[in-house]
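Note that ligands are numbered from 1 as they come in the structure, with each ligand's atoms numbered from 1 the same way. Sequential numbering from 1 along the given sequence is applied to the chain's residues.
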Amino acid sequence: MNISARRLHISATRPEDFPRGPRPQIAFMGRSNVGKSSLLNILLGAKGLARTSKDPGRTRALNFFLVNDRVFFVDLPGFGYAKISAKIRQQWKGLVEAYLTRSEGPDLALHLVDSRHEPTDMDGELREWLQEAGIRHQVVLTKLDKLSGRDRVSSMKRAARWLGLPEGTSPLAVSSTTGQGIPALWRVIDDVLSKHQTFRPERADGPAAGAATQGGRPTL
Ligand code: GTP
Ligand code: MG
């Protein structure tokens, strides 16, 4: 996707704030500090669009970023951050669940896992939950630049086992610092977008709907 525009559409703190309508949505999920906001920024080529921080718990609302006026990238609060009150944690959980279970939920959930660490029980729960909810999801290992050589190989193997991938298959891994793995991740996103109903020619919901195609694949 060639990105011509991106902006924060709404920072949602209540389900009533979630945008309605047919635009596809790509959600960024995972533990606090795993690199969700950083990944969103590098995908959109917009440093500083989503706020990042070395301190966990930076993203506190569901931030809907509108891309090319056609797609939402949704930056979610992270889970597993110990230093917040039980009340706030319940609020975040309620908000995230409300988002995931609504009829206009995400078309693709990117589930980020830090490549340096073992996936946690909470990662396992999220994965099961997404599977049961029938939400298409993709596990993405982050901060690949922090690993080298043998550590990288063992991290890939560990993640492949966790994901149940066939022997010899590598999971999707990225670095928001070096840009490694970003084109491969874009291919996954583009694939989801190209299958989305908004792009059917008969649904003329805007000037670009069903218009341009490149090698059979709609462009945004
Ligand atoms: P919360 O909003 O708190 O849940 O965090 P987040 O998942 O959005 O993480 P964020 O993008 O804010 O990044 C957390 C920290 O990790 C920041 O200091 C980033 O600079 C750093 N970081 C993110 N991605 C990478 C990466 O690929 N490589 C390296 N070296 N650092 C990264
Ligand atoms: Mg964040």
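Among the atoms of D55, none of the N or O lies under 3.5 angstrom from an N or O of ligand 1. Considering backbone and side-chain atoms together, T142 places no N or O closer than 3.5 Å to any N or O of ligand 1. When only interatomic distances are considered, the shortest N/O to N/O separation between P56 and ligand 1 does not fall below 3.5 Å. Between S176 and ligand 1, an N or O atom pair is found at a separation short of 3.5 Å. The shortest N or O to N or O distance between L76 and ligand 1 is not below 3.5 Å. Not one N or O of T52 is nearer than 3.5 Å to an N or O of ligand 1, by distance alone. Annotation: D145 places an N or O atom under 3.5 Å from an N or O atom of ligand 1; distance criterion only.
Side chains of L49 and R6 form a contact here, defined as non-hydrogen atoms less than 4.5 Å apart. Side-chain contact between R60 and W92 is present, with heavy atoms from C-beta onward closer than 4.5 Å. Two residues are said to be in side-chain contact when any heavy atoms from C-beta on lie closer than 4.5 Å; L44 and F73 meet this criterion. Between V71 and I189, the closest side-chain pair of non-hydrogen atoms is not below 4.5 Å. Between P106 and I135 there is a side-chain heavy-atom pair separated by less than 4.5 Å. I10 has its side chain out of reach of F65: every pair of non-hydrogen atoms, C-beta onward, lies at least 4.5 Å apart.
Taking both residues in full, the closest heavy atoms of S115 and T142 are given as OG-O, 2.7 Å, listed atom of the first, atom of the second, then distance.
Counting atoms of ligand 1 from 1 in the listed order, those under 4.0 Å from a heavy atom of G78 are 4 (O). Those atoms of ligand 1 with a heavy atom of S175 less than 4.0 angstrom away are 27 (O). If you number the atoms of ligand 1 from 1 as listed, the ones under 4.0 Å from a heavy atom of S32 come out as 1 (P), 3 (O), 4 (O).
Neither the backbone nor the side chain of A50 has any atom closer than 4.0 Å to an atom of ligand 1 (non-hydrogen atoms only).
Taking the charged nitrogens against the carboxylate oxygens, R136 and D191 do have a contact shorter than 4.0 Å, which makes a salt bridge. The residues R187 and D190 are annotated as not salt-bridged, no charged nitrogen and carboxylate oxygen being separated by less than 4.0 angstrom.
Nearby protein atoms of type N, O or S around the Mg ion (ligand 2) amount to 2 (distance under 2.8 Å).
Using a 4.0 angstrom heavy-atom cutoff, N33 counts as in contact with ligand 1.
Within the structure, side chain to side chain donor-acceptor pair (under 3.5 Å) pairs that include any residue of residues 27-36 do not occur (at least two apart or interchain).
Between the side chain of Q138 and the backbone N or O of L108 there is no donor-acceptor pair closer than 3.5 Å.
Partners of T178 according to the side-chain hydrogen bond (donor to acceptor under 3.5 Å, both in side chains) rule, which considers only residues two or more places apart in sequence or in another chain, are S175.
The option with the heavy atom closest to atom 16 (O) of ligand 1, from among Q180, R51, K36, K143, is K143. Nearest to atom 15 (C) of ligand 1 by heavy atom, out of S53, P77, S38, is S53.
Side-chain polar atoms of N63 and S11 form a donor-acceptor pair below 3.5 angstrom. A side-chain N or O of D123 and one of T120 form a donor-acceptor pair less than 3.5 Å apart.
When hydrogens are left out, the protein atom nearest atom 18 (O) of ligand 1 is K54 CA, 3.4 Å; that is the closest non-hydrogen contact. Counting only heavy atoms of the protein, atom 2 (O) of ligand 1 lies nearest to T59 OG1, 2.8 Å. The nearest protein atom to atom 9 (O) of ligand 1, hydrogens excluded, is given as G35 N, 3.2 Å; this is a heavy-atom distance. Among protein heavy atoms, the minimum distance from atom 29 (C) of ligand 1 is reached at T177 OG1, 3.2 Å.
Counting Ile, Leu, Val, Met, Phe, Trp and Tyr side chains that sit under 4.5 Å apart, directly or through other members, L141 shares a hydrophobic cluster with V113, V139, L144, M156, W162, L163, L165.
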